[in-house]
Amino acid sequence: MTKWLVTCAWPTSSDIPHLGNMVGSALSADVFARYLRLAGEEVVYVSGSDHHGTPLEVEALKKGVSPKELADSNHARISEVFKKWLISFDNYTTTESEVHKRFVREHYMRIYSHPGNIFTRAEKIHYCPFDKRFLPDRFVEGTCRFCGFGNARGDQCDNCGRPLDAEDLVEPHCVICGRRTELRETTQWFFDLPRFRDYVAAYLDRSNLSPNVISFSKAWLREGLRPRSITRDSKWGIPAPFPGAEGKTIYVWMEDVLGYVSALIEFFERSGNPDGWREFWFGKDAKTSFFIGKDNIPFHSILLPALLHASGEPYNEPSLISSTEFLTFSGQKFSKSRRIGIWCDEALSLMPADYWRYVLIALRPEGSDIDLSWASIEQIVNNELNDAFGNLVNRTLTSVKRFCGGVFAVDSSTLRPEEAEYLKEINARHLDIGTLYSEAEIKSACRKILEQATSANRYLSSTQPWSVYKTDKASGDSILYAALNAVKLISIELLPIIPGAAQEFLRQAGFFRRSKPSWSDTGLDADLPLQVGEVSPVFYKVDGSKLEETLESLRAEASAGTRA
RNA sequence: AGCGGGGUAGGGGAGCCUGGUUACCCCGCAGGGCUCAUAACCCUGAGGUCGGUGGUUCAAAUCCACCCCCCGCUACCA
């Protein structure tokens with residue numbers, strides 16, 4: 001049995017995640033975690049809300065509340081959304097947790113204790129004399145030196161697309177108060193990432209990471225690594241522990257990734273086994289996995305291993321980094337400000353969580369960006385979830401009621417050769433699906449489960465148990481045995497993706513009455529005699545354009561409520 | 001601008017590294033079949049200049065060069 005730490009990118013608590021945020025991180029990790037548990041591995045799945053960072057601080061300022069208050073209330077909403085989406089976190093915490101803050105400070109002091117890992121350097125940063133604070137480039141606006149665009153941000157000009165430096169803005173002003181900013185010198189603490197170039201290069205070579213992660217990371221190494229600043233002149237965050245760094249906090253990216261350790265520590269402290277986490281991060285039979293969007297590969301493939309290694313502690317290197325491309329919505333990027341896309345809370349007012357989970361996994365953008373549209377939602381729910389899976393289960397269970405009086409008790413010893421052959425086929429596919437899951441090839445696993453359903457539907461149509469039963473009960477039973485076994489396999493296979501609905505399949509069929517579902521418990525004999533009780537359709541069809549209308553009216557109500 | 005990834009039928013993917021019969025699979029579409037089932041399921045069919053141009057080769061989706069388009073990163077958004 002392997003100990004698996006499963007993690008996903010930490011959602012920022014400045015807003016509820018949208019479907020694009022959900023697909024590659026929390027949902028993908030959840031499917032992976034659920035599969036591993038089903039397969040009998042020891043799994044701890046952790047993540048948390050990223051509370052720190054300037055966007056949240058600025059939003060809190062605008063709303064007139066403290067960053068802590070805003071973060072906490074958003075965290076409560078985000079946690080609720082994850083629960084409703086059936087995300088099976090073992091610990092969903094925040095970067096404000098005492099364990100996290102303590103761990104991050106201790107970890108940096110450990111890195112600091114090895115001379116040369118951390119050094120200081122003076123930098124020129126925008127400063128707002130009115131707000132009395134330093135501002136990240138993103139929070140300074142001005143006129144672009146290159147194209148003259150008036151609303152260019154300090155990090156990039158939205159008009160000409162050029163990346164900018166602080167000095168490239170003409171008449172820079174603070175986005176909070178609008179007043180003129182000035183450049184001030186300030187000292188920051190830096191992590192000497194280039195020191196770990198050889199280590200990271202060797203790690204990438206011996207690792208088993210996916211080709212896109214490797215090639216992306218190696219490109220970074222070729223360009224040359226740069227020191228990463230650890231500290232920021234901001235009050236909102238974790239106080240930097242270095243001597244002389246009083247008043248500074250740790251930059252979010254330099255603490256977020258350490259949450260993969262601290263959230264696990266917190267989990268084990270709560271369960272009364274404070275050292276349990278060590279086996280997961282240091283143990284020989286332990287693996288770690290990270291589910292992220294393509295935008296933050298290097299933080300996981302380069303920065304994280306370097307930060308862990310630099311502490312001198314015997315951390316395992318990240319074993320699996322699964323990154324997805326982006327989801328677009330009806331051809332456009334998800335946009336909070338323009339309200340393009342669907343957010344995870346409002347999604348649940350349109351369809352049950354299992355529907356969304358299936359749609360997102362069926363589309364999971366693994367190779368390139370994938371577009372989500374109302375039409376694709378409708379098509380996937382209706383034709384795959386409802387027709388292929390739902391109807392297969394329904395027609396099989398209804399057959400048991402109709403032809404066997406609701407009780408199926410004939411065991412595998414009476415199977416005809418045809419059915420024995422068919423069982424070989426679906427069991428082989430079950431093994432393939434398990435392999436895909438274990439490699440986090442989640443979309444391919446999903447496609448293959450659909451093949452499993454297609455093959456079962458085909459089998460029923462070609463063997464026609466409804467006419468066989470008229471003359472030959474034994475052959476009819478043999479066919480139904482195979483069909484029921486396919487339903488059992490498919491239900492197990494779908495448990496990681498649509499846990500609620502797959503459980504309902506198992507319940508209606510009467511599988512796993514006496515034991516917990518398990519990936520390898522594929523035979524039917526142990527479940528006999530099956531008592532098929534009330535059978536009812538598990539899914540219903542949806543109308544894409546009606547869903548769209550519903551969402552629009554929901555939003556209209558919500559904004560009317562805000563104004564009132 | 002530089003770097004990385006992607007571009008294969010209406011949509012999604014496999015094939016590309018390691019060149020080789022009619023380019024494969026799923027969804028959708030058209031026609032047919034079946035009647036256990038949720039107007040479901042099954043079968044057959046139509047649909048492709050494999051982003052473009054040029055090159056290497058007996059042979060290119062596959063290898064090389066140049067170009068176009070989409071996305072990301074470029075280290076202070078997370």
Side-chain angles (χ1 to χ4, degrees), chain A residues 9-15 21 50 52-56 123 125-126 134-140 153-156 161-163 165-166 188 193 211-220 222-223 225-229 232 234 251-253 256 293-299 302-303 323 325-326 328 333 362-371 373 375-376 379-380 382-384 386-388 390-403 443-444 446-448 450-451 453-454 456-462 464-469 476 479-480 483 535-541:
Chain A
W10 287 48
T12 168
S13 56
S14 55
D15 198 21
N21 299 136
D50 166 29
H52 301 137
T54 313
L56 184 112
E123 283 196 318
I125 308 280
H126 281 283
F134 285 94
L135 295 164
D137 289 350
R138 187 98 193 241
F139 293 88
V140 179
R153 288 191 320 243
D155 57 343
Q156 184 175 34
R162 231 177 288 238
D165 282 326
Q188 301 299 2
L193 189 56
N212 66 326
V213 173
I214 296 276
S215 60
F216 188 93
S217 307
K218 287 194 169 171
W220 259 48
R222 270 198 306 278
E223 281 174 41
L225 297 176
R226 296 182 224 165
R228 302 281 311 200
S229 72
R232 289 290 181 278
S234 157
Y251 173 48
V252 283
W253 258 117
D256 261 13
K294 66 174 163 182
D295 51 340
N296 59 56
I297 291 172
F299 295 103
I302 293 176
L303 183 64
S323 80
E325 307 286 308
F326 288 158
T328 54
K333 286 186 204 178
L363 289 173
R364 190 170 186 260
E366 292 178 357
S368 56
D369 290 358
I370 300 283
D371 190 52
S373 65
S376 59
Q379 182 187 305
I380 291 170
N382 293 355
N383 299 112
E384 300 184 20
N386 185 79
D387 294 350
N391 182 57
L392 169 70
V393 172
N394 192 250
R395 72 193 294 211
T396 306
L397 298 186
T398 311
S399 296
V400 173
K401 297 202 76 167
R402 182 181 284 242
F403 304 119
K443 181 183 192 164
S444 303
C446 182
R447 300 332 289 175
K448 214 157 192 100
L450 185 61
E451 269 179 45
T454 305
N457 274 320
R458 187 177 298 141
Y459 196 74
L460 282 176
S461 293
S462 64
Q464 306 192 5
W466 52 91
S467 46
V468 173
Y469 262 112
I479 295 167
L480 269 198
V535 175
S536 62
V538 173
F539 302 114
Y540 57 86
K541 294 197 184 197

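A, B, ... follow the sequence lines: proteins, then strands. Residue 1 opens every chain. In this text, all values refer to a predicted model and were calculated from it rather than measured experimentally.
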Give [X] one of three labels, base, sugar-phosphate or nothing, depending on what nucleic acid heavy atoms sit under 4.0 Å from its own.
X	answer
A:Tyr251	sugar-phosphate
A:Pro465	nothing
A:Asn457	sugar-phosphate
A:Ala388	sugar-phosphate
A:Gly53	sugar-phosphate
A:Thr54	sugar-phosphate
A:Val213	nothing
A:Arg228	base
A:Lys218	nothing
A:Ile370	sugar-phosphate
A:Ser376	nothing
A:Phe539	base
A:Asp387	sugar-phosphate

**OP:** Answer yes or no: is there an ion pair linking A:Arg458 with A:Glu451, defined by an N-O contact shorter than 4.0 Å?
**Re:**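 No, no charged N to carboxylate O under 4.0 Å.
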
Original post:
Per the atom types in the model, does the base of B:rU38 pair as donor or acceptor with the side chain of A:Asn386 at under 3.5 Å?
Top reply: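 Per atom types, the contact qualifies.
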
Expressed in angstrom and rounded to an integer, what is the separation of [X] atom [atom1] from [N] atom [atom2]?
X	N	atom1	atom2	answer
A:Lys333	B:rC73	NZ	P	8 Å
A:Asp256	B:rA75	CG	C1'	16 Å
A:Asp295	B:rA75	CG	C1'	14 Å
A:Arg395	B:rU35	CZ	P	12 Å

Subject >> Residues which pass side chain to side chain contact (heavy atoms under 4.5 Å, CB included) with A:Phe134, listed by chain and number, not counting sequence neighbours >> reply: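 So A:Phe134 forms a side chain to side chain contact (heavy atoms under 4.5 Å, CB included) with A:Ile125, A:Tyr127, A:Arg184, A:Thr186, A:Asp233.
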
Original post:
Does A:Lys443 make a side-chain N or O approach to OP1 or OP2 of B:rG13 shorter than 4.0 Å?
Top reply: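 Checking B:rG13 against A:Lys443, a side-chain N or O does come within under 4.0 Å of OP1 or OP2.
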
Subject >> Residue whose nearest RNA chain B nucleotide is more 5′ - A:Ser462 or A:Phe403 >> reply: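 First, find each residue's nearest nucleotide; the 5'-ward one identifies A:Phe403.
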
Subject >> 5' priority, RNA chain B, between A:Leu363 and A:Gly367 [closest heavy atom] >> reply: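 Per heavy-atom nearest nucleotide, the more 5' residue is A:Gly367.
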
**OP:** Give each stem of RNA chain B as a range with a range, requiring at least 3 consecutive Watson-Crick or G-U wobble pairs whose two distances are under 3.5 Å.
**Re:**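 If one scans RNA chain B for consecutive Watson-Crick or G-U pairs, the stems found are B:1-7 with B:68-74, B:10-13 with B:24-27, B:29-33 with B:41-45, B:51-55 with B:63-67.
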
Subject >> Closest nucleotide among B:rC71, B:rC73, B:rU74 to the A:Arg226 side chain >> reply: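 Nearest listed nucleotide: B:rU74.
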
Original post:
B:rC34, B:rC71, B:rA75: which one has an atom nearest the side-chain heavy atoms of A:Trp466?
Top reply: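 Nearest listed nucleotide: B:rC34.
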
Which pairs, protein N/O on one side and nucleotides 23-27 of chain B N/O on the other, fall under 3.5 Å?
| unit_1 | atom_1 | unit_2 | atom_2 | d |
| --- | --- | --- | --- | --- |
| B:rC27 | O2' | A:Gln379 | NE2 | 2.4 |

Original post:
For the side chain of A:Gln188 and the backbone of A:Glu123, is there at least one donor-acceptor N/O pair under 3.5 Å apart?
Top reply: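 The answer is no, because no donor-acceptor pair under 3.5 Å joins these two groups.
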
**OP:** Would you kindly check if the NZ (Lys) or CZ (Arg) of A:Lys333 is within the cone defined by 45 degrees around the ring axis of A:Phe326 and under 6.0 Å from the six-membered ring centre?
**Re:**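 No, a cation-pi geometry is absent between A:Lys333 and A:Phe326.
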
